[in-house]
Every structure is written in C-alpha cells, then in structure tokens.
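Numbered from 1 within each chain, the chains take letters A, B, ... in sequence-line order.
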4 protein chains.
Amino acid sequence: MAKGVNKVLLLGNVGKDPEVRSTPGGTLVASFSLATADRQKDQQGNWQDKTEWHNLVAFSRTAEIIRDYVKKGSQLYIEGKIQTRSWDDKESGQKKYRTEILINELTLLGKPSEGGSSGGGYSKSNTASFDQRTPASEAATTYADPGITDDDIPF
Amino acid sequence: MAKGVNKVLLLGNVGKDPEVRSTPGGTLVASFSLATADRQKDQQGNWQDKTEWHNLVAFSRTAEIIRDYVKKGSQLYIEGKIQTRSWDDKESGQKKYRTEILINELTLLGKPSEGGSSGGGYSKSNTASFDQRTPASEAATTYADPGITDDDIPF
Amino acid sequence: MAKGVNKVLLLGNVGKDPEVRSTPGGTLVASFSLATADRQKDQQGNWQDKTEWHNLVAFSRTAEIIRDYVKKGSQLYIEGKIQTRSWDDKESGQKKYRTEILINELTLLGKPSEGGSSGGGYSKSNTASFDQRTPASEAATTYADPGITDDDIPF
Amino acid sequence: MAKGVNKVLLLGNVGKDPEVRSTPGGTLVASFSLATADRQKDQQGNWQDKTEWHNLVAFSRTAEIIRDYVKKGSQLYIEGKIQTRSWDDKESGQKKYRTEILINELTLLGKPSEGGSSGGGYSKSNTASFDQRTPASEAATTYADPGITDDDIPF
DNA sequence: TTTT
DNA sequence: TTTT
C-alpha cells in the first residue's frame, strides 16, 4: 500500500536521441529530454506557446524499449515519478540539484518520418514547430552532474 | 485545446508553514515544500521508506486558500504542472535551475493535531493561527534564486 | 477548493464520427466512443490485446473542437471525470445506468489519413488493427437511454 | 509498453463495508462503492455539492489490504482502470452493463472516528472489526449481475 | 522540513 | 450508501 502519491504524466516530443548506457552494476539506463508544449495567455492577453523541458530517465526493460524505439522527435506519453538528486559541486562547493522524471510506463505515439521518405509514417511537418534551442539535457553538463550511479537506482 | 500534457499529482505532507507574499504587480503567491513518502526495496531487498521533497507554488485564489488553510504538517492532494525556472547565479556565474510544481487544484485532507493535545483529531484552531517561522522557500535564498517576479506568472 | 478527486485519463482511438447536437437550452453537446487498448496476460500466460470502450461526452467549446477536428479513427488524449446517469426504463420498469466520461481537456494526437491519400499524414495501417465490433455508443440505443437533457449539464 | 492509457484517480469515502470473497479459482476479490464529492454551479449559478458513486473492485494482495483496513466511511485515494462488463439479463433478455474501477494502487487516508467516541481522531480498533452489514455490491444483485467469475480476472 |  |  502506497503511503503517498508522486505521479507525473507527460505527453510531448523527445529533444534528442536518448543516451543509453549501463551502470557499473549492469543495469541499463536511458535518459533524454522531453518537451511539453503549452498554450497560455501572456500579460497582454495573447495566446503564447510555451515549451517546458523535462529530464527523463528509465531503467532496465523500459530503457531497452527506449533504446530500440525512441529517437529525436518521437512523440511519447509517459507516466513516472519526480525525483530530485543533489550533490556538492566540486568547483564552487555549492549544493546542486537536478530534478528528473523516473519513467514507469511509456506509450509511443509517433515518430517523425525518415529524411526524404515519401510513403507512410508521420509527416515531417508534425515536428517542424518543435524548436530545439536549449534542450534540458544540456544542463547536466553545465552542472557537472556526477551522473547516475547504482545508488540512484531505486530497486 | 491543449497541445501537450504536463500534469503532476502529489499526495503528501507540508514541510513548513507556507510563505505567502505579493508580486510587485499585486498577485498573491504562496510557496511551500511537500513531502511524498514512498516505500521501495533497497539493494538488500528490504523495504525502505523514502521521502521526496517538492517545491510547490500557487497564485491568486489558490494562494489565498493556502494562506488560510495550509500549514506545516497539513496533508494535501494537489494537481499541477512542472515548471523549471533558470537564472544566472551572480556569484559563480553559473546557470541555476529550480524545478517547481505550479498548483492547479488542491484538496485539503488533514492536519496534525495540536502540540500536546490529548484527544487527537483535527483541531479547527490549527488553521486559524498563521505563523511564518521558517518558510519552505528558504532554500531558494541559499542559491540566490532571484525569486518569482511578475514575469514568472503564467497568466 | 475541491472536496474530492474524480479524474480520468484516456488515450485511444475514436470508434465512430462523433454525434453533435444541441440541448433545448442551446448548449452544444458532442458524444462519441473511445477505445483504449491494453495488453494483459490471459490464464495461459499469453499476452492478449484487450479493447475497452468508453462513452465520452463534451459540452460547449470542447464540443465545438470535437465537431471540427475529431472523427472516426482519431487518436486522442483526454482528461475528464466519471459520471453515471440513471433513469427508469419505460418498457421493463428497471433502473438503467450509463457511465460516461465528461471531457475537461482534450489533446488531438493523430487522424487516419484520407482515403487514398499518398503523401504525409498517418499511415492507414495504424488504424487497421482497430476493430469496430460493438462500439459503446451502440449501447445507448439498446438501453433506451433518454439522452442528455439540460438537466444533465453540470454547469 | 502500453498501447493506450486507461487511468482513473479517485479520492473519496467508502459507502459501505467492502464485500470480500474468493472466486472458484481461489483469487480473493474485494468490491465496494466510493463516493467522490464535487462542487459545481447549478443552473441558478449557486454552488451545489454533488456526489458521484463509483463501483470499485480489487484482487489478490490489494483485496487483502482492503479486507483488513478499509471500511464504511474510510477516506481513500485510488488509482485504477475503467472496465465495463456486460451480460444478458435472464428475465428481460436485455444486455446489461456494469462499469467498474479495477484498483491498481490504494492509499488509505483516514477513517471516521468510532460511533459515540468523544476524543475524535482515528481509532485503531476501527480497522480490527470487520462487519459485513450491507455489502456495497448489493446493487449488482438488483440487476442480476452474474458476478465476477475467474474469466473476469484480468491476469 | 513532513508524516506514520 | 460516504464525507464535511
């Protein structure tokens, strides 16, 4: 019986091809950023698109599915939980935080079509409005995030 | 019509009395931390309690309800969305990030009983007193978070 | 402040073109059935696809969006609440029940491509595995559901 | 990987003590009704409380928890999925439907205090006694629901 | 920093 | 049928 609830539901597009690696202990880990688009009114009352970037991470079987089926531009629905890791930045001595969504369930909704491919698939224009300026995963580098270790794997 | 989904559901306990203030533009803002408890197996296979802390923020009418009814220890169910704000840290010159849950809906579930009170149950007077001891958003100060300005208010 | 939670999240495909009409009071109403696909193990331990049909209903602005953009085969994500209406069946004198999902939010994910269309869009095969045996909205007829009146509109 | 999404989140109060039984195949089944309270505006624009009743069902380990801890009046948060079972009514020959929420996760939030108890609060003994007065699934009988058989168990 |  |  759960003691609390910590649930996240996201539907959006993948910013870059996922990074997939193994922990020293042999657990597969996939991580990527996901953009969720939102419309909201600005201070002048006009509708504005706003993109929120999320850091996602998955382990084991889910990481395999991501490795095999998810790529830049993929449209995904995911359920997961919020986790914030913290560490001491060696350079500045400051405490750093990184909030991630640990994926529990994943539904693949669409992928952008191959380069010049004609036939079926999803038209490229689906993903055209998808800007790529500063993907959230960039932040990891900036941060000197020590990365995920086996201690971070919650099972 | 929404273009994506960015939804968070949390059920847990409030860590400290909420901080409530107004933006220069006059919008009421409430912020506090919420702990969600989870049971998970550790590497030895034993069940461990794990607490995840979340930074929550609410505006206007929801902020009023929080000011009037929510305090340290309150058990809440909330729905909201994830937002990550970023700014340049003046001291280190580094880019800093703070992930928050913007509350859309709130259900008040219970409050802990008064200090030494015997009978137990939920004392109504708990919600009348509104003390401001150590605001949950203290952490923000620690990393020189410039705080919420009118530009951060998404409506 | 909400007193309880009654929330439904569905992602699936529309069974038939939506029915759109107005109440005597002039409120636009859209209704349609949505199939959600699930994989689960049967008693022999084999993975089986199972389709669950849901009765969906929307009013006013959301009904307009449905009228204009949703059709048979559309892939949708919706959020809503569960409502069960009941009435006395005139023929049998029995009490009848009909459970519906009242849509609050809707995200359009994809539509099947036009008849023989070649170019972009979504390949027809996406929707081929989508069986149509007994769409849930059929049930309304069987039931002698008296239909939605202005009294059923919750606002 | 899920192919669709069918998720329900409810927070409310249990209407009657749960009915707990075993299928012929030996699987434990618990069923009960849950009331979710909602405030909404009526046609005169006044806020009205409205209660929605849901039929809930759980199997195996979750059914055990319900048997041991849930009773009339308990406040619960649950996650589950919508399922509609149908059968032919022997008397009228009509097709009957019953929509239920299959519980995946359950969080126990509170129980009402003992009858004439003074102190208030949640008495531990509340959960020890397990009376079976008027099972919530009585309604099923009324409409000749054949009940759950091993074929209805989705695993 | 909460709660059981 | 619950609860506040």
Q: Counting distance alone, no hydrogens or angles: does the base of F:dT4 have a donor or acceptor under 3.5 Å from a partner atom on the side chain of C:Lys3?
A: yes
Q: Could you check which of E:dT1, E:dT2, F:dT1 has an atom nearest any side-chain atom of B:Ser33?
A: E:dT1
Q: Without decimals, in angstroms, what is the distance between B:Leu108 CG and E:dT3 C1'?
A: 15 Å
Q: To the nearest Å, how far apart are B:Lys72 NZ and E:dT3 P?
A: 7 Å
Q: Judged by each residue's nearest nucleotide on DNA chain F, which is more toward the 5′ side, D:Leu34 or D:Asp49?
A: D:Leu34
Q: How close or far is atom P of E:dT2 from atom CG of B:Leu11, stated in whole angstroms?
A: 18 Å
Q: In this structure, how many angstroms lie between the C1' atom of F:dT4 and the OH atom of B:Tyr77, rounded?
A: 19 Å
Q: Could you check how far CD of D:Glu52 sits from P of F:dT1, rounded to whole Å?
A: 16 Å
Q: Taking atom C1' of E:dT3 as reference, at what distance in whole Å does atom NE2 of B:His54 sit?
A: 13 Å
Q: Give one of base, sugar-phosphate or nothing for B:Thr51, where a contact means two heavy atoms less than 4.0 Å apart.
A: base
Q: From the list F:dT2, E:dT1, F:dT1, which nucleotide is the closest neighbour of the side chain of B:Lys16?
A: E:dT1
Q: Could you tell me how far apart D:Leu56 (CG) and F:dT1 (P) are, to the nearest whole angstrom?
A: 18 Å
Q: Salt-bridged, D:Asp49 to D:Arg39, with N to O below 4.0 Å?
A: yes
Q: Taking salt bridge (charged side-chain N to carboxylate O under 4.0 Å, His left out) as the definition, give me every residue that meets it alongside D:Glu105, ordered by chain and number, with sequence neighbours left out.
A: none
Q: Shortest non-hydrogen contact from C:Ile101 to C:Ile78?
A: CG2-CD1, 3.8 Å
Q: Let me know the distance between CG of B:Asn13 and P of E:dT2, rounded to the nearest Å.
A: 10 Å
Q: Can you list everything that forms a side-chain hydrogen bond (donor to acceptor under 3.5 Å, both in side chains) with D:Thr51? Sequence neighbours excluded, please.
A: none
Q: Using a strict cut-off of less than 4.0 Å between a Lys/Arg side-chain nitrogen and an Asp/Glu carboxylate oxygen, indicate whether C:Lys7 and B:Glu79 qualify as a salt bridge.
A: yes
Q: Report yes or no: is the ring centroid of B:Trp53 under 5.5 Å from the six-membered base ring centroid of E:dT2, with the two planes under 30 degrees?
A: no
